[in-house]
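Quick notes on the structure that follows.
Given the structure is predicted, the values throughout are model-derived calculations rather than measurements.
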Amino acid sequence: MARPIWTGTISFGLVSVPVRMYPATESKELRFHFLDKKDLTPIAYEKVRRDDRERVDPDDVVRGFEIDKGRFVEIGDEDIDRLDIELTHSIDILDFVSLDEIDPLYFRKAYYLLPQEGAEKPYRLLVRALDETGKVAIAKIVIRNKEHLACIRPWEGVLLLETMYYADEVRKPEKVGGRSALQEAEVKMAKSLVENLSEPFKPDKYDDRYRKELLQLLRAKAKGKKLPEPEPEEEAEVVDLMAALRESVEKTKRKKRASRKPTRKAS
């Protein structure tokens, strides 16, 4: 595994568990570059002033915060160091809660927490306690000069930390308009459709088809191959909701029956 991006201690009650943090996920998103149209030479990112577009030497670039509109204050490493340095090396557990009480909307990014040498026993103890109680830990952690709310839970025999949005970072949705009343038969049919399409979650079943096809297109273009013409978009057809639900339910029923039929072995 790669080098840890953070080391510190999980603290709950009087128990401390030294751990190392590693990224648990990676993005496979295709990244594009800006190029010069003349010869496809990559264009570098230049640091220039916003007022007169004059170039600024990298050594003269500092971090700052817009305290008021148009008014900035510089912040350096020494300012960050004035904060409670102990906080940056501690995962302080605030509460233990049930995972199903947390809406997935609050989760941001996942990290593995693995024990430092000599801390394997209290680490395994915490993993087992969370696993057998069905609880997860809500904690605070500072990563890269930002304090995060986090959830710690057991996963595949190790601890998984997921940073979370704070409540004031989650936007409220607009209310859904429309005055049409839902008919009970429509609700029943929709629930039947959901049940017929329900399957155990298997992550390996899903892949990024768009990324794969885009990569194939780019490789074909690089080889000078003729690319397919884009298909024209079809206008959305207004359908009878009840008829569409009924047809969908029947279709899923037939598909389930077909999948349950035993396959005949060749004699």
*asked:* Applying side-chain contact (heavy atoms from CB on, under 4.5 Å) to V17 and T9, what does each step give before you reach the verdict?
replied: CA-CA 5 Å; V17 186; T9 304; 5.5 Å; no
_Candidates V158, L159, V19 - the one meeting side chain to side chain contact (heavy atoms under 4.5 Å, CB included) with L114_ = V158
Going from [atom1] on [X] to [atom2] on [Y], what distance comes out if it is rounded to the nearest 0.5 angstrom?
{"X": "M21", "Y": "I141", "atom1": "CE", "atom2": "CD1", "result": "3.5 Å"}
{"X": "K140", "Y": "M164", "atom1": "NZ", "atom2": "CE", "result": "11.5 Å"}
{"X": "I91", "Y": "H148", "atom1": "CD1", "atom2": "NE2", "result": "11.5 Å"}
{"X": "L197", "Y": "S248", "atom1": "CG", "atom2": "OG", "result": "8.0 Å"}
{"X": "Y123", "Y": "Q116", "atom1": "OH", "atom2": "CD", "result": "12.0 Å"}
{"X": "F65", "Y": "D68", "atom1": "CZ", "atom2": "CG", "result": "9.0 Å"}

*Not counting sequence neighbours, which residues clear salt bridge (Lys or Arg N to Asp or Glu O under 4.0 Å) with E169? List them please.*
R108
*Should we say atom CD of E120 is surrounded by more than 12 heavy atoms from elsewhere, each under 6.0 Å from it?*
yes
_salt bridge (charged side-chain N to carboxylate O under 4.0 Å, His left out) between K202 and D204, intermediate numbers included_ = CA-CA 6 Å; K202 297 177 181 177; D204 294 342; over 6 Å; no
_Tell me every residue that passes side-chain hydrogen bond (donor to acceptor under 3.5 Å, both in side chains) with S27, counting only those two or more places apart in sequence or in another chain._
none
Mind checking whether [X] and [Y] sit in one hydrophobic cluster, side chains of I, L, V, M, F, W, Y counted as touching below 4.5 Å?
{"X": "W155", "Y": "I93", "answer": "yes"}
{"X": "L130", "Y": "V127", "answer": "yes"}
{"X": "L99", "Y": "L105", "answer": "yes"}
{"X": "L215", "Y": "F32", "answer": "yes"}
{"X": "V97", "Y": "Y106", "answer": "yes"}

*Show your reasoning for whether side-chain contact (heavy atoms from CB on, under 4.5 Å) applies to F107 and Y165.*
CA-CA 6 Å; F107 293 123; Y165 291 103; over 6 Å; no
_Test side-chain contact (heavy atoms from CB on, under 4.5 Å) on T163 and L161; report intermediate values, then the result._
CA-CA 7 Å; T163 54; L161 180 144; 4.0 Å; yes
*Kindly indicate, with the supporting measurements, whether the criterion salt bridge (charged side-chain N to carboxylate O under 4.0 Å, His left out) is fulfilled by D52 and R49.*
CA-CA 6 Å; D52 55 17; R49 294 171 58 91; 3.3 Å; yes
Just by modelled atom types, is the [Y] backbone N or O under 3.5 Å from a matching donor or acceptor in the [X] side chain?
{"X": "W6", "Y": "V142", "value": "yes"}
{"X": "S11", "Y": "S16", "value": "no"}
{"X": "Q183", "Y": "V187", "value": "no"}

*Does a side-chain N-to-carboxylate-O contact under 4.0 Å join K28 and E26?*
yes
